[in-house]
2 protein chains.
Amino acid sequence: MTIRVLLADDHEFYRSGFRSALETQPDLECVADVGDGLAAVREIARLRPDVAVLDVRMPRMDGLAAAESVLSSGSGCKIVLLTTYDEDGYVYRALQAGASGFCLKSMPTDELLGAIRIAARGDALIDPSVTRRLVTRFSAGLAPASASATRPPAALDRLTPREREILLEIARGRSNAEIATHLFVGEQTVKTHVSHVLTKLGLRDRIQAVIYAYENALLPRSP
Amino acid sequence: MTIRVLLADDHEFYRSGFRSALETQPDLECVADVGDGLAAVREIARLRPDVAVLDVRMPRMDGLAAAESVLSSGSGCKIVLLTTYDEDGYVYRALQAGASGFCLKSMPTDELLGAIRIAARGDALIDPSVTRRLVTRFSAGLAPASASATRPPAALDRLTPREREILLEIARGRSNAEIATHLFVGEQTVKTHVSHVLTKLGLRDRIQAVIYAYENALLPRSP
DNA sequence: TTTCCCCTCCCCCGCGAGAGGGAGAAACGT
DNA sequence: ACGTTTCTCCCTCTCGCGGGGGAGGGGAAA
C-alpha cells in the first residue's frame, strides 16, 4: 500500500527534486505537484492524496491557509508544512489547524520522507529546532499571543493589514529586498509600505520599528 | 568536543546496554549511570554532564521530579526523558519543566543517540507518536505564550566592555552620531566599535543587533 | 457612477551605514 | 622591556534606506 503524496511549492526546482526523491521510494508516490496554495486545495480535493506537503510561503494562498482549508474540510488528508524560515508563529497556527508535521527545508531528504510516513500513519513530526521553541514556550507558561493581557496601541489600528504584515517583516530583521521576495511583490512596493508604516507610527527608521514591535509585544520575546 | 552524558534508569540491563551503545560513539561519553532520581540529581550537580537521560519511572524520585529539580537549578544540563509509557501527561510536565527531549524506550538506538546530540546543541526532540498527542491538544484549543529564557549568550563574552556598551546603545535605537554624542567620542570611533560588534556576533547589520539584544534579554522590558 | 482606500510599481535624490583598509596611544600581563 | 588588547580616530567606497514625488488598478462604499 503506497502513500499518495501531493506537493505544493512555488519553486520549480524544489518540486522536481522532491519528485525525484519520491521516485526512489517504493512506498511513496507523488500524485501531483503544484505551485501555489489555491491549486493545492483544488488538487487535494480532486486527487485525495494521503499526505500533502505544503510550503508555507506560496503565491495566491500560503501553506497555512491551505492547510486550514484542507484540514477543516474533513478529507482526512494529512498535512506536512515546510518552511525555510523557522517561524514559531507559523508553528502555532499549523498545530492549531491540526497539521501533522512542521519541517524546515534544510532537513535532510530522508528525514523529510520519514516525516511523510509518520504523517501518513497519523503521527506527527516537528523539526527539532522548532520543537525547541515549542518547549521554551511551554516552560514559560501559557496564553496565546492573540488573547489576554497586552492592549494594542491605537496607532496600530491606523495600519492596513498589509502594513502590519510589513511591520512584522521589518521586526524580523528582513531587508526590503528580502521582504519583497517573501511576500512576492516588488521591492518598490515594499518601500512604499515601509514608508507608510514609519509615517503612521511616527518612527524615524526601521530600527525604531523593530524596537516598537518588541516593546509592544508584537513579537514573542524568546529565542 | 565530546558530549558528556549521564544516564538514570532503574534497570541494570538497560543501563549497561546504554553504556555499550555510547562507547561506540566517538562524540558521546557516559560519565555516570545511576539507578534512581535522587542519585541522578546529586551526580548531575557533581559531574555537570551536558545531557542527562532520565527514565520517568524510577525509585525514590521519578524522572520528572528530577528533571524539574535539575532544570530549575540553572546548571545548563539538558534533560532527555525516557519512558515506556507514552503518557502525554508526562510530556506536559516535562515540557513545562523545560526538558529538551521526550522519547520512548522503544525508539531505535541511533535515534536516541541522535536525540542526545539534539539536546546537547540546545534543540529538542519529542517522539513522533508523542508529538501527535501534542498536536491533538493544540488543535483542541491550548495555546502558549510569550516566554522568558535564561540563557547565557556565549558570543557576548567575546565582546569588550566598550563593545557591549555600544551594543546596548544600538539596541536603544540610537544612530552612530547619537551614540558618539552620548559617549563623548567621535562618530568614527563608534563606527569602528559597531563594526566589531557585528563581526564578532556574526550579525548582518545593526538591525540584527537590536533583535539579538532583545532575544537575549539584554534590555529590560520597559513599556 | 463617483469617490475613496488599498495595493501595486516607478522615478530621483540625499544620507547614514557598514566594509576595508590604516594608525596612534594607553593599559595590561609577562 | 615586551606583546597583546583595548580604545581612539582617520580615509574611501558602495549600498541600502527613506523622503519626495507620481501613477495605475481594483474593490467597496456613497
Side-chain angles (χ1 to χ4, degrees), chain A residues 10 35-38 57-62 64-65 85 152 154-214 218, chain B residues 153-214 218:
Chain A
D10 58 306
D36 66 84
L38 218 51
R57 296 281 184 178
M58 283 190 296
R60 298 218 286 172
M61 177 186 279
D62 66 32
L64 289 171
Y85 323 97
L156 267 182
D157 299 338
R158 300 192 54 79
L159 298 185
T160 68
R162 197 55 156 175
E163 286 163 355
R164 276 187 284 269
E165 204 172 353
I166 293 285
L167 174 57
L168 288 182
E169 291 289 314
I170 295 173
R172 293 189 181 105
R174 308 214 213 280
S175 69
N176 289 337
E178 287 172 338
I179 297 174
T181 302
H182 298 155
L183 298 186
F184 302 103
V185 296
E187 184 175 351
Q188 300 300 327
T189 305
V190 175
K191 292 181 72 171
T192 302
H193 289 314
V194 170
S195 194
H196 289 162
V197 168
L198 297 181
T199 301
K200 288 186 179 180
L201 296 183
L203 303 174
R204 181 174 61 186
D205 51 39
R206 66 200 298 111
I207 298 178
Q208 307 295 327
V210 173
I211 296 175
Y212 180 92
Y214 272 101
L218 267 53
Chain B
L156 267 183
D157 300 340
R158 300 186 53 81
L159 298 185
T160 69
R162 196 55 157 174
E163 285 163 353
R164 275 189 284 269
E165 204 173 353
I166 293 286
L167 174 57
L168 287 182
E169 290 291 315
I170 295 173
R172 293 190 183 101
R174 301 202 218 278
S175 68
N176 289 338
E178 288 171 339
I179 297 174
T181 303
H182 205 250
L183 299 185
F184 303 103
V185 295
E187 184 175 350
Q188 297 301 327
T189 306
V190 175
K191 293 183 73 170
T192 301
H193 288 313
V194 170
S195 196
H196 288 162
V197 168
L198 297 181
T199 300
K200 287 186 178 179
L201 296 183
L203 303 173
R204 183 175 58 186
D205 51 39
R206 69 200 296 115
I207 297 177
Q208 307 295 329
V210 173
I211 295 175
Y212 180 93
Y214 272 101
L218 268 54

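Chain letters run A, B, ... following the sequence lines, proteins first and then strands; every chain starts at 1.
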Participant: Round to a whole Å and report the spacing from CD of A:E163 to P of D:dG18.
Facilitator: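 Rounded to whole Å, this separation is 14 Å.
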
Participant: Does C:dT8 have OP1 or OP2 under 4.0 Å away from a side-chain N or O of A:H193?
Facilitator: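 Yes, within the criterion.
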
Participant: CZ of A:R162 versus C1' of C:dT8: gap in Å, rounded?
Facilitator: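 Going from CZ in A:R162 over to C1' in C:dT8 covers 9 Å.
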
Participant: Please test B:L167 against B:L201 for side chain to side chain contact (heavy atoms under 4.5 Å, CB included), starting from the C-alpha separation and ending with a verdict.
Facilitator: CA-CA 10 Å; B:L167 174 57; B:L201 296 183; 4.0 Å; yes

Participant: For DNA chain D, which residues in residues 203-211 of chain B have a heavy atom at a distance below 4.0 Å?
Facilitator: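 Heavy-atom contacts with DNA chain D come from no residue of residues 203-211 of chain B; none.
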
Participant: What integer distance in Å separates B:I179:CD1 from C:dA17:C1'?
Facilitator: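 Distance check: B:I179 CD1 to C:dA17 C1' gives 11 Å.
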
Participant: Should B:N176 be listed as having a side-chain N or O under 4.0 Å from OP1 or OP2 of C:dG16?
Facilitator: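 No, no such contact exists.
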
Participant: Take atom CG of B:L183 and atom P of D:dT8, then tell me their distance rounded to the nearest Å.
Facilitator: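 Taking CG of B:L183 and P of D:dT8, I get 8 Å after rounding.
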
Participant: Can you tell me the distance, in whole Å, between the CD atom of B:E187 and the C1' atom of D:dC11?
Facilitator: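 Distance check: B:E187 CD to D:dC11 C1' gives 14 Å.
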
Participant: Can you name the one residue among A:V197, A:I211, A:N176 that meets side chain to side chain contact (heavy atoms under 4.5 Å, CB included) with A:R206?
Facilitator: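 Only one of A:V197, A:I211, A:N176 forms a side chain to side chain contact (heavy atoms under 4.5 Å, CB included) with A:R206, namely A:N176.
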
Participant: Distance check needed: C:dC7 P versus A:L167 CG, whole Å only.
Facilitator: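 To the nearest whole Å, that distance equals 14 Å.
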
Participant: Which nucleotide in the set C:dA19, C:dA17, D:dC7 lies at the smallest distance from any side-chain heavy atom of B:S175?
Facilitator: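 So the side chain of B:S175 is nearest to C:dA17.
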
Participant: A:H196 NE2 to C:dC6 C1': how many Å, rounded?
Facilitator: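 These atoms are roughly 10 Å apart.
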
Participant: Between C:dA17, D:dG19, C:dC7, which one does the side chain of A:K191 approach most closely?
Facilitator: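 Nucleotide nearest to A:K191's side chain: D:dG19.
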
Participant: Based on the rotation axes of five pairs at each end, what angle does the helix from C:dT1-D:dA30 to C:dC28-D:dG3 bend through, to 10°?
Facilitator: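 One end's axis against the other's: 40°.
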
Participant: With respect to the side chain of A:T189, which nucleotide from D:dG19, C:dC9, C:dC7 is positioned closest?
Facilitator: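 Side chain of A:T189 sits closest to C:dC9.
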
Participant: Please enumerate all protein N or O atoms sitting under 3.5 Å from an N or O of nucleotides 20-29 of chain C, with distances to 0.1 Å.
Facilitator:
none

Participant: For A:R204, is there an ion pair with B:E178 - N to carboxylate O distance below 4.0 angstrom?
Facilitator: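 Salt bridge flag = yes for A:R204 with B:E178.
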
Participant: Using a heavy-atom cut-off of 4.0 Å across all strands, would you classify A:T160 as base, sugar-phosphate, or nothing?
Facilitator: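 Counting heavy atoms under 4.0 Å across all strands, the contact made by A:T160 is with sugar-phosphate only.
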
Participant: Taking atom P of C:dC7 as reference, at what distance in whole Å does atom CZ of A:R164 sit?
Facilitator: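 The answer, rounded to whole Å, is 9 Å.
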
